[in-house]
Amino acid sequence: MRVRVATTILGMAAVLLVPACSTDTVGTTSDSAPSARTGAQADAAQQAAPLSSAALETRLLNESDLGRGYLRKSERPSQHDDVAVIGCPALSELGGDAATGGALSFPRKAKADFTYGGSSSEVSEELYSDSANKLSDGIGLIFDAMTGCPTYQVVAGGTPIGMASQKLIPPHELGDEQWSQLLTFSTRERSTVVKQTAIRDGSLLLIVSGSPALVDRHLDKALAKATATS
């Protein structure tokens, strides 16, 4: 099964074109494996039926949830520039789509992108729904490939982008499985730091990406709304 990267390299590369650079900091790195809940709660979550894209859309955060200063961005059209991944065989083997795809290849999905305070700070939320095993295998494949290469380069539409990946300690108290990484995108002009954290809770997969401070600020809120039953 081909799986497309959760956060697009080209989408994040666009952030590099703005004047400001991210200065957010993050926590300690770790190679620990994703944790899992046990007991009846986890069993019930595993058996939950997948939600439709329309249902997922209602569970996304909105400006009211985020607070003052946030503005939802219109969805960017898909880009199809030629892409080459240099220096990361695992990611190269997944194909060009793995470096530039706008979403994981699950049919049930929803996404929202926000800017904050009129600055270069951004945060995005993605929701997917499928069987627990498919979600786990799909996101795990991508995170393993990306965090397995400390540095590599992506050439997108003729533009070279230096990449650095760093595995982070995921928030083990949330959901059934967790993944987290820090990505640094660099060109000759500037660099941008992006944090990406994924939480699987039963048949739901939540991915929050963007400025590290904003990801940390809204992750719990995003999961609570995504998994609310009423």
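Side-chain atoms are counted along with the backbone in the values below, which use heavy atoms only and exclude waters and symmetry mates. Residue numbers start at 1 and run along the sequence shown.
- Qualifying ring pair (Phe, Tyr, Trp, His ring centres under 6.0 Å) partners for Y116, counting only residues two or more places apart in sequence or in other chains: Y70.
- Within the model, atoms NE2 of H218 and OG of S211 stand 10.0 Å from one another, a figure rounded to the nearest 0.5 Å.
- At a threshold of 4.5 Å between non-hydrogen side-chain atoms, the residues L66 and F114 count as touching.
- Between the CD atom of E57 and the CG atom of N62 there is a distance of 10.5 Å, given to the nearest 0.5 Å.
- Distance check: Q153 CD to I86 CD1 gives 4.5 Å after rounding to the nearest 0.5 Å.
- Ring geometry for Y128 versus F106: interplanar angle over 60°, hence perpendicular rather than tilted (30 to 60°).
- K111 places a side-chain heavy atom less than 4.5 Å from the side chain of E126.
- One distance of note links CE of M146 with CG of L141; it measures 11.5 Å at 0.5 Å rounding.
- Between L174 and L219, some side-chain heavy-atom pair lies under the 4.5 Å cut-off.
- Nearest heavy-atom pair, A49 versus S203, reported as atom, atom and distance to 0.1 Å: O-OG, 3.6 Å.
- Annotation: side chain of M163 is not in contact with side chain of T151 (no heavy-atom distance under 4.5 Å).
- Contact check for L204 versus R108: no side-chain heavy atoms found under the 4.5 Å cut-off.
- Side chains of Q166 and Q181 form no contact here, defined as non-hydrogen atoms less than 4.5 Å apart.
- Under the 4.0 Å criterion applied to side-chain N and carboxylate O atoms, K73 and E122 are assigned as salt-bridge partners.
- With hydrogens and angles disregarded, a donor-acceptor distance shorter than 3.5 Å links the side chain of K225 to the backbone of L60.
- The backbone N or O of L135 lies less than 3.5 Å from no partner atom in the side chain of D130, so there is not a single donor-acceptor pair.
- Between T197 and S180, the side chains place a donor N or O and an acceptor N or O closer than 3.5 Å (distance only, hydrogens not considered).
- In this structure, the side chain of S52 engages the main chain of A55 through a donor-acceptor pair within 3.5 Å.
- One distance of note links CD of Q196 with CG of L183; it measures 6.5 Å at 0.5 Å rounding.
- Between atom CG of residue L51 and atom NZ of residue K109 there is a gap of 16.0 Å, rounded to the nearest 0.5 Å.
- Nearest heavy atom pair, residue A145 against residue C88, reads O-SG, 3.6 Å.
- The closest donor-acceptor contact from the side chain of R200 to the backbone of Q178 lies at 3.5 Å or more, if one exists at all.
- Within the 4.5 Å cutoff, the side chain of L182 has heavy atoms near those of the P212 side chain.
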Practice prompt. Tell me, with the steps shown, if I139 and I207 meet side-chain contact (heavy atoms from CB on, under 4.5 Å).
Written response: CA-CA 10 Å; I139 191 64; I207 303 171; 3.9 Å; yes
Discussion item. Assess the residue pair L214 and R217 against the criterion (side-chain contact (heavy atoms from CB on, under 4.5 Å)); give the C-alpha distance rounded to whole Å, side-chain angles, the decisive distance to 0.1 Å, and a yes or no.
Written reply: CA-CA 5 Å; L214 299 186; R217 185 182 305 169; 3.6 Å; yes
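- Counted by atom type alone, S136 and E177 present one or more donor-acceptor pairs between their side chains at under 3.5 Å.
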Practice prompt. Check the pair D113 / E125 against side-chain contact (heavy atoms from CB on, under 4.5 Å), numbers first and verdict last.
Written response: CA-CA 6 Å; D113 298 295; E125 179 188 7; over 6 Å; no
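- Side-chain contact between V123 and V208: present, with at least one pair of heavy atoms (C-beta onward) separated by less than 4.5 Å.
- Ion pair K221/D65 not flagged as a salt bridge, since none of the NZ, NE, NH1 or NH2 atoms sits closer than 4.0 Å to an Asp/Glu carboxylate oxygen.
- Remark: side-chain polar atoms of T187 are not paired, donor with acceptor, to backbone N or O of I161 under 3.5 angstrom.
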